[in-house]
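Working notes for the structure below.
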Amino acid sequence: MILNFCSYVQWVPGSDVLVAQNRNSLCVWYNIEAPERVTMFTIRGDVIGLERGGGKTEVMVMEGVTTVAYTLDEGLIEFGTAIDDGNYIRATAFLETLEMTPETEAMWKTLSKLALEARQLHIAERCFSALGQVAKARFLHETNEIADQVSREYGGEGTDFYQVRARLAMLEKNYKLAEMIFLEQNAVEEAMGMYQELHRWDECIAVAEAKGHPALEKLRRSYYQWLMDTQQEERAGELQESQGDGLAAISLYLKAGLPAKAARLVLTREELLANTELVEHITAALIKGELYERAGDLFEKIHNPQKALECYRKGNAFMKAVELARLAFPVEVVKLEEAWGDHLVQQKQLDAAINHYIEARYGSMGIGASTDTKAALGARQWKKAIYILDLQDRNTASKYYPLVAQHYASLQEYEVRKSPFPQHEAMQ
């Protein structure tokens with residue numbers, strides 16, 4: 001929808017120009033392919049018709065008792081007619097006489113698209129020049145020189161020549177199609193050259209590998225050097241990793257400030273894990289970057305559980321910490337469960353925190369119940385709150401039993417206040 005209100009609409013005869021009225025505005029689309037480009041006139045009446053003849057087109061508007069004629073731009077109308085007729089040379093001639101406005105800019109764009117589709121490349125070149133797209137104009141100029149030379153030597157238009165077709169695919173950024181066109185003619189060097197010019201080294205190397213090109217290793221070295229020159233250490237590391245050079249890849253990852261990527265690689269290679277100095281270098285970088293969980297994984301892999309547990313704790317990776325502690329440091333499990341609960345409380349995950357406080361068995365360890373009880377009450381987990389309070393000493397529990405009792409009293413569940421536990425006397 002291009003108008004939300006319309007009292008009159010009509011095509012200009014013999015063209016793609018659309019005229020419509022929107023309340024007090026007369027709207028004219030000289031190029032309906034660009035609906036956002038609309039020419040508007042303010043009018044004081046209603047459109048009653050459209051007249052065309054004598055080399056001009058007028059929209060007739062009844063303003064009071066007077067009929068007023070609004071003259072349309074005949075040049076722009078003729079452009080639409082030329083486009084309909086497929087006469088792009090005439091359309092270009094019309095646009096050449098017009099100043100650059102938003103409407104004419106939209107028309108140049110439309111003409112460039114149509115000219116490319118029709119392979120009228122000289123017209124397309126002129127369009128891009130008018131639009132100020134210098135790179136495309138220059139690229140098409142070189143393409144036209146190729147097509148013209150082929151036409152002179154072999155006859156015909158020259159636009160069916162494989163280089164021309166490939167360059168047109170490149171202009172549309174369809175590089176795979178351009179590659180296919182080159183390889184159909186066994187023009188491997190040209191396909192590789194295209195990718196090199198675009199700095200698309202991966203595709204260039206892939207073509208060289210597929211065709212068994214003798215310059216494959218030289219290409220890889222050139223690619224690596226280009227990555228280093230442009231400070232793309234991460235991509236250079238990935239290249240070295242793909243070629244099986246783990247040490248070089250890790251060095252580049254660390255240089256790029258990516259210790260997690262270095263750790264991922266070393267964790268998959270037993271021969272790299274055996275390099276103590278390398279592993280220490282990576283773990284130091286991980287800790288410096290506060291990537292404690294990944295550092296813990298690496299320490300656990302090299303059988304250093306104490307360091308691993310320390311890193312897991314710092315990184316709040318409590319699941320891994322508890323699993324490790326159950327195997328290597330059983331006495332630490334209670335403290336870790338308590339810390340896990342505290343962390344979840346800070347994250348406002350009270351329901352989850354309660355379970356870890358219960359696992360910690362605070363009562364039997366002589367630890368206060370303030371945090372875990374508050375978590376249970378805050379999460380309205382009343383039965384769990386009673387369970388936790390049952391494990392506490394009388395003085396501690398007496399602070400919270402009245403709160404639990406008030407809740408059950410409000411529900412008229414009086415029996416729940418009676419308990420076989422002596423501590424529950426505080427609730428009665």
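- Residue Glu293 forms a salt bridge (charged side-chain N to carboxylate O under 4.0 Å, His left out) with just one option from Arg313, Lys314, Lys320, and that option is Lys320.
- Between the side chains of Asp202 and Tyr223, at least one donor-acceptor pair of N or O atoms lies under 3.5 Å.
- Under 4.0 Å is where a charged nitrogen must lie from a carboxylate oxygen, and between Glu323 and Arg326 no such pair does.
- Side-chain atoms of Glu157 and Thr159 include no donor-acceptor pair closer than 3.5 Å.
- Figure legend: cation-pi geometry between Arg167 and Phe139, with NZ or CZ positioned under 6.0 Å from the six-membered ring centre and within 45° of its axis.
- Checked against Leu247 for a side chain to side chain contact (heavy atoms under 4.5 Å, CB included), the options Leu278, Leu265, Leu252 give a single hit: Leu278.
- With hydrogens and angles left out, the side-chain atoms of Gln163 and Gln185 include no donor and acceptor closer than 3.5 Å.
- Other residues, nucleotides and ligands contribute more than 12 heavy atoms inside 6.0 Å of the CD atom of Glu271.
- Between the Glu332 side chain and the Leu309 main chain, no donor and acceptor come within less than 3.5 Å of each other.
- Inspection of the Tyr292 and Glu310 side chains reveals no N or O donor paired with an N or O acceptor under 3.5 Å.
- A donor-acceptor contact closer than 3.5 angstrom links the side chains of Tyr312 and Asp297.
- Look at Lys136 and Glu125 and you find no salt bridge, because none of the NZ, NE, NH1 or NH2 atoms lies under 4.0 Å from a carboxylate O.
- Here the side chain of Asp245 pairs no donor or acceptor atom with the backbone of Glu241 at under 3.5 angstrom.
- For His281, the NE2 atom is loosely surrounded, since the number of other residues' heavy atoms within 6.0 Å does not exceed 12.
- A side-chain donor from one of Glu145 and His141 sits under 3.5 Å from a side-chain acceptor of the other.
- No side-chain donor-acceptor contact under 3.5 Å links Asn304 and Glu300.
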